[in-house]
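Have a look at the structure below, then the notes.
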Amino acid sequence: MLQPMNNYLVVEPVLEKQEESGILVPDDYKVNQSAFCLVKLIAKTSNSRLTNVPEGTNIIVPSHMVEEINLFGEIHHVVLENNVVGFFGN
């Protein structure tokens with residue numbers, strides 16, 4: 001598993017369920033993406049400032065700040081912890 005450093009968080013995108021609308025659109029049509037997205041916190045650094053946010057929590061981050069790392073056939077997603085806008089607590 002990727003271990004983050006330098007205030008990075010390893011996250012997993014939470015995909016929204018998309019329903020079929022029955023409307024035909026061109027193949028190259030792109031759905032408007034929200035400025036923010038929901039991701040699941042997978043790992044954080046030992047000195048993370050997110051002490052009250054346990055791993056496995058869904059957090060909100062700007063969509064454009066989630067970075068994809070593709071190494072050795074595995075895809076990982078990371079985001080800097082100062083980009084976390086909030087989280088959903090229990």
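Numbers for residues simply follow the sequence, beginning at 1.
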Taking only residues two or more places apart in sequence, or in another chain, which ones meet Thr45 in a side-chain hydrogen bond (donor to acceptor under 3.5 Å, both in side chains)? Asn47
Can you list, pair by pair, the side-chain donor-acceptor contacts under 3.5 Å of residues 82-89, counting residues two or more places apart and other chains?
none

Hydrophobic cluster membership, with links at side-chain heavy-atom distances under 4.5 Å among I/L/V/M/F/W/Y: are Leu80 and Val39 in one? no
Under 3.5 Å, side-chain donor or acceptor atoms of residues 49-62 against the rest of the protein: list the pairs with distances, not counting sequence neighbours.
unit_1: Arg49; atom_1: NE; unit_2: Glu81; atom_2: OE2; d: 3.1
unit_1: Thr57; atom_1: OG1; unit_2: Pro54; atom_2: O; d: 2.7

Contacts of type side chain to side chain contact (heavy atoms under 4.5 Å, CB included), residue Glu68, not counting sequence neighbours: Ile75, His77
Show me, pair by pair, the donor-acceptor contacts under 3.5 angstrom made by side chains of residues 4-12, not counting sequence neighbours?
none

Just grab all the salt bridge (Lys or Arg N to Asp or Glu O under 4.0 Å) pairs involving residues 70-80, residues at least two apart or on different chains.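 Every pair satisfying salt bridge (Lys or Arg N to Asp or Glu O under 4.0 Å) with a residue in residues 70-80: there are none.
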